[in-house]
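One structure below.
Quantities reported herein were computed from a predicted structural model and do not represent experimental measurements.
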Amino acid sequence: MTRVATIPLQRTMADAIQRAQQNLAKTQTSLSTGKKAQDYAGLGTEAVRTMSARSMLAKQEAQAVVSKHVTTSLAIYDAHVTGLDNTLIDLRTRMATAIGTEDSSGLQETIKGAFEQFRSSLTGTHDAMVQKSPAPRGQEGPRRPYEMLGKSETGGLDGHRKGACT
């Protein structure tokens, strides 16, 4: 008959039970006191999961901020494009009426007004989207987009051609 040594097995089991009870006591103490881990090492194997959850939360918050900015930008673009569309529809109607009735009185003012609306919409959209930084000292700053040039900036050209509308 062979004899099985159970003493070493019993000692191993007793040590394992004792470690488990110590861990249980630590967990119960931290639960009852409400004490959280002081650092990631105190979390043990949960540290990786906690770090991943924190980074995902930060990423989601950053995406929410960007989403709000994009929504605002798109709303501004939509308002300006709608205004442009309405202005160009009015201009088209006025031009068709002038052609049909052969009466072009007031057409030049309508065209100028449409251009001004177009320019202000594009400039407003640009200004809303670009964060302005102060110009360096002694400089005037950048020219606003879609701004008409003066005679001195165009080399004295007056912009009129033979046969062009005045």
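A donor-acceptor contact shorter than 3.5 Å links the side chain of T12 to the backbone of P8.
Between the CD1 atom of I17 and the CG atom of L24 there is a distance of 13.0 Å, given to the nearest 0.5 Å. Here M56 contributes atom CE and M51 contributes atom CE; the two are 14.0 Å apart, rounded to the nearest 0.5 Å. For the atom pair H69 NE2 and T72 OG1, the distance stands at 7.5 Å (nearest 0.5 Å). Taking NE2 of H80 as the reference point, atom CD of Q117 lies at 9.0 Å (rounded to 0.5 Å). Note that CG of L91 is 12.0 Å distant from CG of L84, once rounded to the nearest 0.5 Å.
L88 and V81 fall into different hydrophobic clusters, where Ile, Leu, Val, Met, Phe, Trp and Tyr residues are linked whenever their side-chain heavy atoms come under 4.5 Å apart, directly or through other members. Residues I89 and I111 fall into different hydrophobic clusters, defined by Ile, Leu, Val, Met, Phe, Trp and Tyr side chains chained together at heavy-atom separations under 4.5 Å.
Minimum interatomic distance between R94 and D103 (heavy atoms only, all atoms of both residues): NH1-O, 3.9 Å. Nearest heavy-atom pair across A98 and S104 is CB-CA, 4.2 Å.
Taking 4.0 Å as the cut-off between side-chain N and carboxylate O, K112 and E109 do not count as a salt-bridged pair.
The shortest distance between side-chain heavy atoms of Q60 and L57 falls below 4.5 Å.
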